Chemist: 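Okay, here's the structure, questions in a sec.
Residues take their numbers from the sequence shown, with the count starting at 1. Since the model is a prediction, treat every value here as computed from it, not as a measurement. We count ligands from 1, going down the list as the structure has it; atoms in each ligand are counted the same way.
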Amino acid sequence: MATMRAACVERYGGPEVVQLREVEKPRPKQGELLIRVVNTTVNSADWRIRSLEVPRGYGTLMRLAMGFSKPRQPVLGSEISGVVEELGEGVEGFRVGDAVIAVAGMGMGAHAEFKVMSAAERVIAKPASLSFQEASALCFGGLTALHYLRARAKVKAGEKLLVIGASGAVGIAAIQLAREFGAEVTAVCSGGNAELVRSQGARHVIDYTREDLTARSEQYDVILDCVGSVEYGSVRPLLKQGGRLLRIVSSLAGQFTALFQGRLSGHRVISGVGTERTEDMRYLAELAAQGKYRPVIDSAFPLEGIRDAYTRVESKRKRGSVVLDVSPAPVHPRADGHIR
Ligand SMILES: NC(=O)c1ccc[n+]([C@@H]2O[C@H](COP(=O)([O-])OP(=O)(O)OC[C@H]3O[C@@H](n4cnc5c(N)ncnc54)[C@H](OP(=O)(O)O)[C@@H]3O)[C@@H](O)[C@H]2O)c1
């Protein structure tokens, strides 16, 4: 039996529950690709699943979805940059050696040397403008920010956007996308991250360690809360008529009340889980190829250092994304930059 290294989560708990194991190397079936993982990320979803530290009300739902006493899929990780290693029968549009980006989504399994994906969805060519490390971090923050800002809030040019938690993976993606949409961003972060968020396109910065955001008189069209630190009631005066509060971190009860909140004041409160669509991945890759979108890498760890990577993620202080170096990046990857 051919084997590969994989980081396995054998029960819910702290970083110590992650063990590096030799497991069976997967084989691609009809219509599937085997991808050699060059880089993957440890993101906030991996941390939440591993630790079961989820917003209030989601604990039981998470166990039902992921496994009651331990994750049914022990290999977590949803983002991949890598190289096509083998083609299953009938696969068209990819060749062995192609540099790709893949999103495994809730199927996970990316914290391993190899991952099988359906060739039909959520696998795209890697833009040459991004390193493999950057490419692995293209989608988690990017797809979430795109879903909330474009699909849900329909952010328009000239609108004012307040991003709370602006220096995290989703926050940085939101700043870059808002800049692309022509919106004006005010970033909320600690003073040490002010320069970073300005470099990403934020026009104004509020240091939440020194200033009470809710005491401000300025108003915004859209507030994106990537921390879960505000309630609708506390930020209602900050929203213009027609304003939208996007709560990407919300309790289960908060998700239900969001359906009704704000209506009387002409506001909308939007929460829920983002989508992972192949066409949105292509959109982000196109922006990256044009130099308009670039993930920020906080830190990189070898696969065997995954516990340290988790520790960094759950510090809640990371700036952008934490990546894992799984296998060496090819020097001249094939089809690098050919977006399709
Ligand atoms: N709904 C969905 O579909 C969805 C999708 C993806 C992620 N999420 C959730 O969204 C959240 C954000 O994810 P992420 O990966 O972007 O997080 P992250 O990268 O871990 O965020 C870390 C950043 O948050 C900042 N921060 C911490 N406390 C803050 C506060 N009180 N005010 C302002 N900034 C603060 C930190 O900056 P400082 O050091 O400056 O404080 C740090 O740079 C997570 O809870 C995740 O579970 C939801």
Chemist: Counting heavy atoms only, which part of K318 comes closer than 4.0 Å to ligand 1: side chain, backbone, both or neither?
Modeler: both

Chemist: Do me a favour and list the nearest non-hydrogen protein atom to atom 24 (O) of ligand 1 with residue, atom name and distance?
Modeler: K316 O, 3.9 Å

Chemist: Can R312 be said to sit on top of F301's aromatic six-ring, NZ or CZ under 6.0 Å from centre and within 45° of the ring axis?
Modeler: no

Chemist: If you measure from each heavy atom of G141 to ligand 1, is any distance below 4.0 Å?
Modeler: no

Chemist: In the protein, which heavy atom is nearest to atom 8 (N) of ligand 1, and how far is it?
Modeler: I248 CD1, 3.9 Å

Chemist: Could you pull out, from V249, V227, V313, the option with a heavy atom nearest to atom 9 (C) of ligand 1?
Modeler: V249

Chemist: Which atoms of ligand 1 sit under 4.0 Å from any heavy atom of G165?
Modeler: 33 (C), 34 (N)

Chemist: Quick one: which ligand 1 atoms are inside 4.0 Å of a heavy atom on N193?
Modeler: 37 (O), 38 (P), 39 (O), 40 (O), 43 (O)

Chemist: Are S136 and V37 close enough that some pair of their side-chain heavy atoms sits under 4.5 Å apart?
Modeler: no

Chemist: State, without any angle test, whether E184 and H204 hold a side-chain donor-acceptor pair at a distance under 3.5 Å.
Modeler: yes

Chemist: How far is atom 14 (P) of ligand 1 from the closest protein heavy atom, and which atom is that?
Modeler: S44 OG, 3.6 Å

Chemist: Return the residue, atom name and 0.1 Å-rounded distance of the protein heavy atom closest to atom 31 (N) of ligand 1.
Modeler: Y208 CE1, 3.5 Å

Chemist: For atom 47 (O) of ligand 1, what is the closest protein heavy atom, and at what distance to 0.1 Å?
Modeler: R48 NE, 2.7 Å

Chemist: Report the distance from atom CD of E79 to atom CG of D46, rounding to the nearest 0.5 Å.
Modeler: 8.0 Å

Chemist: For the 3.5 Å polar cut-off, considering only N or O atoms, please tell me whether S167 and ligand 1 meet it.
Modeler: yes

Chemist: Please say whether A169 places an N or O atom under 3.5 Å from an N or O atom belonging to ligand 1.
Modeler: yes

Chemist: Report yes if S229 has an N/O atom closer than 3.5 Å to an N/O atom of ligand 1; otherwise report no.
Modeler: no

Chemist: Minimum heavy-atom separation for Y293 to A173, with atom names?
Modeler: OH-CB, 3.3 Å

Chemist: In terms of residue, atom name and distance, what is the protein heavy atom nearest to atom 4 (C) of ligand 1?
Modeler: T144 CG2, 3.9 Å

Chemist: Is there a path of hydrophobic side-chain contacts, each under 4.5 Å between heavy atoms, that joins I297 and L324?
Modeler: no

Chemist: Identify which of S190, G272, A187 has a heavy atom lying nearest to atom 38 (P) of ligand 1.
Modeler: S190

Chemist: Assess whether a salt bridge exists between K240 and D221, defined as any Lys/Arg side-chain N lying under 4.0 Å from an Asp/Glu carboxylate O.
Modeler: yes

Chemist: If you round to the nearest 0.5 Å, how far is CG of L143 from CD of E276?
Modeler: 6.5 Å

Chemist: Between V170 and ligand 1, which residue portion shows a heavy-atom distance shorter than 4.0 Å: side chain, backbone, both, or neither?
Modeler: both

Chemist: Which is closest to atom 11 (C) of ligand 1 by heavy-atom distance: G228, A174, C226?
Modeler: C226

Chemist: How close does the nearest protein non-hydrogen atom get to atom 21 (O) of ligand 1, and which residue and atom is it?
Modeler: G168 CA, 3.6 Å

Chemist: Out of R312, R317, R319, whose heavy atom sits nearest atom 39 (O) of ligand 1?
Modeler: R317

Chemist: Does ligand 1 have any atom sitting under 4.0 Å from a heavy atom of W47?
Modeler: no

Chemist: Linking I/L/V/M/F/W/Y whenever any side-chain heavy atoms sit under 4.5 Å apart, do V42 and V17 land together?
Modeler: yes

Chemist: Do me a favour and list the nearest non-hydrogen protein atom to atom 7 (C) of ligand 1 with residue, atom name and distance?
Modeler: F140 CZ, 3.5 Å

Chemist: Heavy atoms only: give me the nearest A110-I80 pair and the separation to one decimal.
Modeler: CB-CG1, 3.5 Å

Chemist: Output, in order, the C-alpha distance, side-chain angles, deciding distance and verdict of side chain to side chain contact (heavy atoms under 4.5 Å, CB included) for L33 and L87.
Modeler: CA-CA 5 Å; L33 300 169; L87 302 176; 3.4 Å; yes

Chemist: Hey, is K25 close enough to E113 for a salt bridge, meaning N to O under 4.0 Å?
Modeler: no

Chemist: Could you tell me whether E286 and K292 make a salt bridge, using a distance below 4.0 angstrom between a side-chain N and a carboxylate O?
Modeler: no

Chemist: Would you say G274 and ligand 1 have an N/O pair spaced under 3.5 Å apart?
Modeler: yes

